[in-house]
Amino acid sequence: MRFHFKTSYDHDIRLFPDWWNFSLYAALLLVLLALPWVIDSFYLGEMTNVLIWAVAGLGLMLLTGQTGQVSLGHSAFMAMGAYSCVNFMELGLPFLAAFLLAGVFTGIIGGIIAIPALRLHGVYLAIFTLALSILMDDLIVILSPWTGGVNGYFAPEIWIFGIEINRWAAPETWYYLALGTALMVTFFYRNLLRSPLGRSFAAVRDSEISAQAMGVDVARTKTLAFGLSCAFAGLGGALMGLFAGAFNNETFNFLISIQLLMAIIIGGLGFIHGAFLGAIVIAFLPQLLSIVTDQLGSTSIPGLETGVFGMILIAFILFEPMGLYGRWLKIRTWLQLFPFARRDMFRRQKSYLKTERLR
């Protein structure tokens, strides 16, 4: 067991609690950097897909896990990020500038939409965002001069500092692009949580009434959370569309929003690690099911993937609401406190106040 002796308030917001944690993450980064030389191109492509889902998942995690606002419409903002990135590239901007500008543009649109949307709470906000996700399908067709309509777009060539990012000729280039984006978003997310704005997010999530009594501007905090969340989702959507090679109005349907919400719930709501663990499940479970059905010699079963995802989600909601990372935290705490750990220390706590039960 390691003890942390804190002698100032700055120790509570350190990026890494101690050198041991720093060394673990440094070792993990080295493993990720060396991964293209260890695994074949198929699994490297799957790892790239995991990182793309993680970027989008961090966006929804910021809104749902940190601020407590449920959204079922983030696929709309992922589509917005993908289309705007291609449009900026067609205007002559280099990829990096177009990519970052697409995230900024999506975040601004998300912040504008949040002004009326965040007057809603709970299931009403979820219904509003779900309607937005469904409406995006029609908007893409209507705005065909900028979206290509039902024909969609083919991903343009991507060059970064003279290096072509090509999924088929050099899959490691796409992997490093996704890894760099995931690291950038994670670093920004982690530092955001250490800032006063991040503390405001947590205050609004736990109790809007208490946060307002402490001087937090609830409307401003929610709007910023929604805008930043949409910006991250836009970056993830741009990567997803370009990585697929072609995308149209059916690529970013509302099922993507459902999968994104499932990823952060299964991974661990409110934890950065949860976005990555959930992305691993979302990306690799379809491949695992395909391998199992092939081994059993049976043909593909319609609805198998959706059914398995649904059963896993129900199991986590009933038996482990904190997700995979929450379960790991419980196991680690039990091992650290053994033989003094007690079962009651993990008893569930109600996350709402009596004054907010009817909201």
Side-chain angles (χ1 to χ4, degrees), residues 48-49 51-60 62-63 71-117 129 131-160 165 167 174 177-178 180-182 184-185 188-189 223-257 260:
T48 304
N49 196 31
L51 293 171
I52 293 173
W53 274 105
V55 171
L58 285 171
L60 186 58
L62 180 64
L63 183 66
S71 172
L72 296 177
H74 264 49
S75 61
F77 300 105
M78 293 175 67
M80 195 176 299
Y83 283 106
S84 59
C85 181
V86 174
N87 277 281
F88 287 138
M89 293 178 69
E90 289 181 345
L91 292 176
L93 291 177
F95 169 73
L96 284 181
F99 179 62
L100 296 176
L101 194 58
V104 173
F105 173 76
T106 308
I108 293 174
I109 299 299
I112 294 173
I113 294 175
I115 295 174
T129 54
L132 184 65
S133 178
I134 297 173
L135 181 63
M136 180 56 70
D137 189 348
D138 296 325
L139 287 177
I140 291 174
V141 176
I142 293 172
L143 301 176
S144 57
W146 297 278
T147 62
V150 295
N151 295 322
Y153 272 139
F154 287 99
E157 293 184 354
I158 301 175
W159 292 84
I160 299 178
I165 310 299
R167 176 180 179 180
W174 249 108
L177 173 61
T181 306
M184 177 188 69
V185 172
F188 184 86
Y189 191 122
T223 302
L224 288 174
F226 204 95
L228 290 172
S229 173
C230 293
F232 292 164
L235 294 178
L239 289 177
M240 186 175 292
L242 295 174
F243 184 67
F247 53 93
N248 58 11
N249 61 309
E250 296 182 356
T251 303
F252 299 98
N253 54 42
F254 75 95
L255 292 177
I256 297 291
S257 298
L260 205 59

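For the atom pair CG of L58 and CG of L62, the computed distance is 9.0 Å after rounding to the nearest 0.5 Å. Rounding to the nearest 0.5 angstrom, the gap separating the CG atom in L132 from the OG atom in S71 is 8.0 Å. Considering OG of S84 and CE of M89, their distance stands at 11.5 Å, rounded to 0.5 Å. Atom-to-atom distance recorded for T181:OG1 and I52:CD1 is 8.5 Å, nearest 0.5 angstrom. The line from CG of L143 to CG of N249 is 11.5 Å long, rounded to the nearest 0.5 Å. With rounding to the nearest 0.5 Å, the separation of SG in C230 from CG in L235 is 11.5 Å.
Using a distance-only test at 3.5 Å, with no hydrogens or angles considered, a donor-acceptor pair links the side chain of T147 to the main chain of I140. D138 places no side-chain N or O within donor-acceptor distance of the main-chain N or O of L135, the cut-off being under 3.5 Å. A distance-only check finds no donor-acceptor pair linking the side chain of T106 to the backbone of A231 [under 3.5 Å]. In terms of modelled atom types and a separation under 3.5 Å, the side chain of Y153 and the main chain of W146 share a donor-acceptor contact. Judged by distance alone, with hydrogens and angles left aside, the side-chain atoms of S257 form a donor-acceptor pair with the main-chain N or O of S75 at under 3.5 Å. Judged by distance alone, with hydrogens and angles left aside, the side-chain atoms of S133 form no donor-acceptor pair with the main-chain N or O of G73 at under 3.5 Å.
In this structure, F247 has its ring center under 6.0 Å from that of Y83.
F105 has its side chain within reach of M80: a pair of non-hydrogen atoms, C-beta onward, lies under 4.5 Å apart. Proximity of M240 to W53: side-chain heavy atoms (C-beta onward) are separated by under 4.5 Å at one or more points.
Using the six-membered ring where Trp is involved, F99 and F95 have ring planes that are parallel, under 30° apart on the 30 and 60° scheme.
What you find for A233 and M78 is that their closest heavy atoms are O-CG, 3.4 Å. Across all their heavy atoms, G149 and N248 have their closest contact at O-CB, 4.3 Å. Between M136 and A79, the shortest heavy-atom distance links the atoms CG-CB, 4.3 Å.
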